[in-house]
Every structure is written in structure tokens, then in C-alpha cells.
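Here is the structure we will look at.
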Amino acid sequence: MKREVTDQYTLVEAFVGRKRANSFSKRYHFTSLPIRSSVSLARLHSAETGRPAYAPLVMFKALLLAQWYGLSDMGLEESLNDRLSFRRFAGLGLDGDTPDHTTLCRFRNDLAVTGLTEKLFEEMNRQLERLGLVLKRGTLIDATLVEAATRPPAFGSDEEAADPEAAFGRRTGRNGSTYGFKAHVAVDEGSILIRDAVLTPANVNDTVVADELIQGDERAVYADAAYDTHDRRAALKARGIKDGIMHRPNKHHPELPRWQRRRNRAISAIRARVETIFAILKRHYGYVRVCYRGLIKNQSHLHLLCIALNLRRAVVLTR
């Protein structure tokens with residue numbers, strides 16, 4: 001059995017649409033946040049017997065609240081109990097029960113295991129495109145290191161890692177290393193909306209997943225010198241996409257000629273806007289350290305963060 005939820009607006013239209021009087025709605029400009037049936041949340045079936053299950057849509061909206069407000073499962077449970085605005089946003093009745101922290105945790109894990117968080121992210125981006133918010137003028141590509149949820153194994157020891165999918169990674173030109181993961185993102189140049197996001201162990205080179213982040217419908221791709229390869233430049237040219245990748249020295253050309261240095265400075269000013277995304281993720285969403293063990297759950301969490309960030313960005317773009 002399943003509790004009912006009203007389905008009136010798309011994910012993005014509802015979020016950036018009409019306003020309510022309470023302060024929470026004034027801040028985010030929404031009435032409700034349904035998702036069209038093209039996203040198969042129905043795959044998360046409830047049992048035929050027992051108490052009615054909460055609608056997947058209600059649970060998903062509750063998880064969004066957790067991202068915006070930095071809430072743990074326990075904190076989200078308490079807020080859904082105490083805050084009228086949270087209940088209204090999630091679609092919970094004033095006199096009804098609210099999901100407890102174990103129910104919220106199970107739902108989040110189900111999203112990760114079934115891969116539905118990625119599908120929700122893709123559906124949200126399709127809706128953003130239909131609203132004309134994704135400009136496709138260019139794609140900014142970059143990556144950032146994120147610490148693991150567990151402590152790193154002792155250096156030089158045979159100690160087994162608590163998270164075997166985490167690894168040590170180092171940023172070029174910086175001292176020290178980070179034990180954890182690396183978040184690779186593709187950001188729309190004009191709108192600063194996240195179009196794609198991939199999580200890997202921290203020791204995976206930036207250039208390995210770069211081709212996955214190129215959308216194919218943009219007019220240009222901008223990236224720093226870590227993404228500089230002859231094959232990538234040739235591929236961009238073949239697809240009619242402007243090459244905005246910075247040049248780097250090599251053993252044959254240890255010093256860049258003047259025109260390449262000038263070109264790098266011009267590209268740097270454009271591609272630097274991707275750093276805004278990392279600053280928001282880390283400062284406002286606390287994405288300095290992942291929350292879970294393993295790639296599957298953390299990749300799902302990254303997509304959930306991207307959905308939350310894009311929705312807030314969409315509000316700004318439609319004001």
C-alpha cells in the first residue's frame with residue numbers, strides 16, 4: 001500500500017513557480033515539487049501488506065530538504081515533525097505521520113542501489129533545458145578532491161582500508177595528499193548549472209573521465225591544462241566544438257610560446273567560474289568529506305547534491 005501524493009507540476013516548474021506566504025516558501029519560491037512519471041520512482045515498490053508506505057515523491061523531497069539544510073537522517077526526522085514548512089514542501093499532512101530516520105535511510109539506499117538518483121538528475125536537467133535555462137554556450141570541466149568518510153590507513157602499513165574504494169590523491173602544485181574521492185563536474189558556462197557529475201577514487205587522473213563530461217551539444221569546452229591531450233583536441237574539432245583547453249608544457253616544449261600563454265590567461269578567466277560550484281558544495285553543503293563508504297552511495301549523494309544546487313540556481317535564474 002502507498003500513501004497518495006498530488007502530481008501537478010514538473011520538478012523545476014514547481015520549484016521556480018508560484019509563491020506562498022510563509023518564510024520558507026518566500027525564500028525558495030515554490031508550491032510543491034512533483035516529478036513527471038518519466039522518472040520511474042515507481043520502481044521503489046511498497047509491500048502489499050502492512051502500514052501504507054510513504055510515496056517515493058514525498059521521500060525524495062524530504063531528502064532535498066536534508067541537502068539544503070545540512071540535516072542528518074535524525075535531524076530530518078525531527079524537522080519533518082516540528083516544521084510546518086517542511087511538511088508542506090514534502091507533501092505531508094498536518095495531522096499525519098512523518099517518516100522516521102530508518103525509513104529515510106532505507107529510501108536513500110534504495111535510490112543509490114537502483115541508480116535512480118542519476119535518472120532524477122537527468123530528468124531535472126531535461127526540465128531545465130525545456131525552460132531555456134541551459135544555454136549550451138560552453139561546458140566548464142574540472143574536478144575537486146573530497147575526503148573519505150573513514151580514516152586513511154597508516155602510511156607504510158599493511159592495514160586494510162576501511163573503505164577499499166577510497167584512495168590517496170594529490171593536487172598538482174599543492175603539498176600533501178587527500179584520502180578519499182574525486183568529484184568531476186561539467187558545468188554550463190552561462191548559467192553555472194551542473195550538467196554532469198562523476199565520482200571516482202581520488203587517484204584517478206582528471207583527464208580519464210573528461211570525455212564522459214563533454215555533452216556534445218555545447219559550442220565550446222573549457223578546461224585547465226590537466227585535460228590537454230592531442231586526441232581530445234582532435235575529437236573536439238571533429239565534432240565542431242570549440243577547443244577551450246589550456247596548453248601545458250611538455251618535454252619537447254618545456255616553455256610555452258607567448259601566444260599560448262596569452263591564450264591560457266584568456267581561457268583561465270572563463271573556466272574559473274567552475275570553482276564557484278566547488279565553493280558552494282563545500283561551504284554551503286559541507287561537501288568537504290563524503291558521508292558514506294563506497295562509490296555507489298557516494299555517487300548517488302553527489303547527484304542528490306547537484307539536484308539541490310541546480311534547483312536553487314534555477315530560482316536565481318528565473319527571478
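Source: prediction; values computed, not measured.
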Point to revise | Side chain to side chain, Thr103 and Arg106, heavy atoms closer than 4.5 Å | key: yes
Check your understanding: For the hydrophobic clusters of this structure (ILVMFWY residues joined by side-chain heavy atoms under 4.5 Å, transitively), does one cluster hold both Leu80 and Met74?
Key -> no
Study note, to complete from the structure: Nearest heavy-atom contact between Gly91 and Val58 is O-CG2, 4.2 Å
Practice item. Could you pull out all residues at least two apart from Glu189 that satisfy side chain to side chain donor-acceptor pair (under 3.5 Å)? Key: none
Point to revise | Val204: side-chain contact (heavy atoms from CB on, under 4.5 Å) partners, not counting sequence neighbours | key: Thr200, Pro201, Val208
Study note, to complete from the structure: The residue among Asn125, Asp196, Ile241, Val221 that forms side chain to side chain contact (heavy atoms under 4.5 Å, CB included) with Gln215 is Asp196
**Study point:** Check: His101/Glu77 side-chain N/O donor and acceptor closer than 3.5 Å
**Key:** yes
Review point. Which residues satisfy the side chain to side chain donor-acceptor pair (under 3.5 Å) test with Lys136, sequence neighbours excluded?
Key: Glu129, Asp217
Study note, to complete from the structure: When rounded to the nearest 0.5 Å, the distance separating CD of Glu123 from CD of Glu118 is 13.5 Å
Point to revise | Backbone N/O of Thr207 and side chain of Arg232: donor-acceptor pair under 3.5 Å | key: yes
Review point. Got a donor-acceptor contact below 3.5 angstrom from the Glu165 side chain to the Leu295 backbone?
Key: yes
Review point. Heavy atoms, side chains only, cut-off 4.5 Å: are Arg137 and Arg219 in contact?
Key: yes
**Study point:** Check against side-chain contact (heavy atoms from CB on, under 4.5 Å), Arg293 and Lys297
**Key:** CA-CA 7 Å; Arg293 296 185 185 184; Lys297 288 184 179 180; over 6 Å; no
Review point. Under 4.5 Å between side-chain heavy atoms, hopping through other hydrophobics if needed: is there a path connecting Ile214 to Ile267?
Key: no
Point to revise | Pairwise side-chain contact, Tyr222 with Ile141, heavy-atom cut-off 4.5 Å (strictly under) | key: no
Check your understanding: Can you name the residues that form a salt bridge (Lys or Arg N to Asp or Glu O under 4.0 Å) with Arg262, not counting sequence neighbours?
Key -> none
Revision key, fill the gap. With sequence neighbours left out, the residues meeting salt bridge (Lys or Arg N to Asp or Glu O under 4.0 Å) with Arg170 are none
Review point. Rounded to the nearest 0.5 Å, how far does CG of Leu76 lie from OG of Ser72?
Key: 8.0 Å
**Study point:** Residues forming a side chain to side chain donor-acceptor pair (under 3.5 Å) with Asp228, sequence neighbours excluded
**Key:** Arg233
Exercise for review: Quick one: list whatever passes side-chain contact (heavy atoms from CB on, under 4.5 Å) with Ile296, sequence neighbours left out.
Suggested key: Ala112
Study note, to complete from the structure: dist Phe107:CZ -> Leu63:CG (nearest 0.5 Å) comes out at 6.0 Å
Check your understanding: Of all residues at least two apart in sequence or in a different chain, which pass the salt bridge (Lys or Arg N to Asp or Glu O under 4.0 Å) check with Asp73?
Key -> Arg108
Check your understanding: Side chains of Leu302 and Asn298: closer than 4.5 Å at any heavy-atom pair?
Key -> no
Point to revise | Trace of the side-chain contact (heavy atoms from CB on, under 4.5 Å) decision for Glu218 with Asp188 | key: CA-CA 9 Å; Glu218 62 272 89; Asp188 186 57; over 6 Å; no
Practice item. Take Glu78 and Leu71, measure what side-chain contact (heavy atoms from CB on, under 4.5 Å) needs, and give me the verdict at the end. Key: CA-CA 10 Å; Glu78 294 173 1; Leu71 299 172; over 6 Å; no
Please list, one pair per line, the donor and acceptor atoms closer than 3.5 Å that link side chains of residues 269-284 to other protein atoms, with sequence neighbours excluded.
unit_1: Arg271; atom_1: NH1; unit_2: Asp142; atom_2: OD2; d: 2.9
unit_1: Thr276; atom_1: OG1; unit_2: Arg273; atom_2: O; d: 3.2
unit_1: Lys282; atom_1: NZ; unit_2: Thr144; atom_2: OG1; d: 2.7
unit_1: Lys282; atom_1: NZ; unit_2: Leu145; atom_2: O; d: 3.1

Check your understanding: CG of Leu133 to CG of Leu317: how many Å apart, nearest 0.5 Å?
Key -> 5.5 Å
Exercise for review: Check salt bridge (Lys or Arg N to Asp or Glu O under 4.0 Å) between Arg263 and all other residues, then give those that pass, not counting sequence neighbours.
Suggested key: Asp243
Check your understanding: Which pair of heavy atoms, one from Leu305 and one from Tyr287, lies closest together, and at what distance?
Key -> CD1-CD1, 3.4 Å
Review point. Are Val185 and Ile245 connected, step by step, through hydrophobic side chains (Ile, Leu, Val, Met, Phe, Trp, Tyr) whose heavy atoms are closer than 4.5 Å?
Key: no
**Study point:** Trace of the side-chain contact (heavy atoms from CB on, under 4.5 Å) decision for Leu65 with Ser79
**Key:** CA-CA 9 Å; Leu65 290 169; Ser79 294; over 6 Å; no
Review point. Under 4.5 Å between any side-chain heavy atoms of Glu147 and Val290, yes or no?
Key: no
Review point. With sequence neighbours excluded, what pairs up with Pro152 under the side-chain contact (heavy atoms from CB on, under 4.5 Å) test?
Key: Phe168, Tyr179
Check your understanding: Just wondering, do Leu199 and Lys182 contact through their side chains at under 4.5 Å, heavy atoms?
Key -> no
Review point. Between Ser300 and Thr117, what is the shortest heavy-atom contact and its length?
Key: OG-OG1, 2.6 Å
Practice item. Kindly write out the residues that satisfy side-chain contact (heavy atoms from CB on, under 4.5 Å) with Asn264, not counting sequence neighbours, or none if the list is empty. Key: Met246, His247, Leu256
Review point. Can you get from Leu213 to Val146 by hopping between Ile, Leu, Val, Met, Phe, Trp and Tyr side chains that sit under 4.5 Å apart?
Key: no
Practice item. Please work out whether the ring planes of Tyr292 and His301 are parallel, tilted or perpendicular, with thresholds of 30° and 60°. Key: perpendicular
Check your understanding: Any luck finding a side-chain donor-acceptor pair between Asp231 and Thr229 under 3.5 Å?
Key -> no
Practice item. For Arg261, look at atom CZ and say whether over 12 heavy atoms of other residues, nucleotides or ligands are found less than 6.0 Å away. Key: yes
Practice item. Find out whether Met124 and Leu128 are in side-chain contact, i.e. whether some heavy atom of one side chain is under 4.5 Å from a heavy atom of the other. Key: yes
Point to revise | Under 3.5 Å: donor-acceptor pair, side chain of Tyr285, backbone of Gln67 | key: no
Review point. If every non-hydrogen atom of Ala314 is compared with every non-hydrogen atom of Leu193, which pair is closest and at what distance?
Key: N-CD2, 4.4 Å
Check your understanding: How many angstroms lie between atom CD1 of Ile307 and atom CD1 of Ile194, to the nearest 0.5 angstrom?
Key -> 10.5 Å
Point to revise | Heavy-atom pair of closest approach, residues Pro254 and Pro249 | key: O-CB, 3.3 Å
Check your understanding: When hydrophobic residues are tied together by side-chain contacts of less than 4.5 Å, even through go-betweens, does Leu309 share a cluster with Val198?
Key -> no
Check your understanding: Between the side chains of Asp163 and Thr150, is a donor N or O closer than 3.5 angstrom to an acceptor N or O?
Key -> no
Check your understanding: Do Leu131 and Thr318 have side chains that get closer than 4.5 Å, going by heavy atoms?
Key -> no
Review point. Hey, what do you get for CZ (Arg289) to OG1 (Thr178), rounding to the nearest 0.5 Å?
Key: 10.5 Å
Review point. Within 45° of the six-membered ring axis of Phe121 and under 6.0 Å from that ring's centre, is NZ or CZ of Arg195 located there?
Key: no
Review point. Can the ring centroids of Trp68 and Phe86 be said to lie less than 6.0 angstrom from one another?
Key: no
Point to revise | Residue pair Val134 / Ser191: nearest heavy atoms and the distance that separates them | key: CA-OG, 4.4 Å
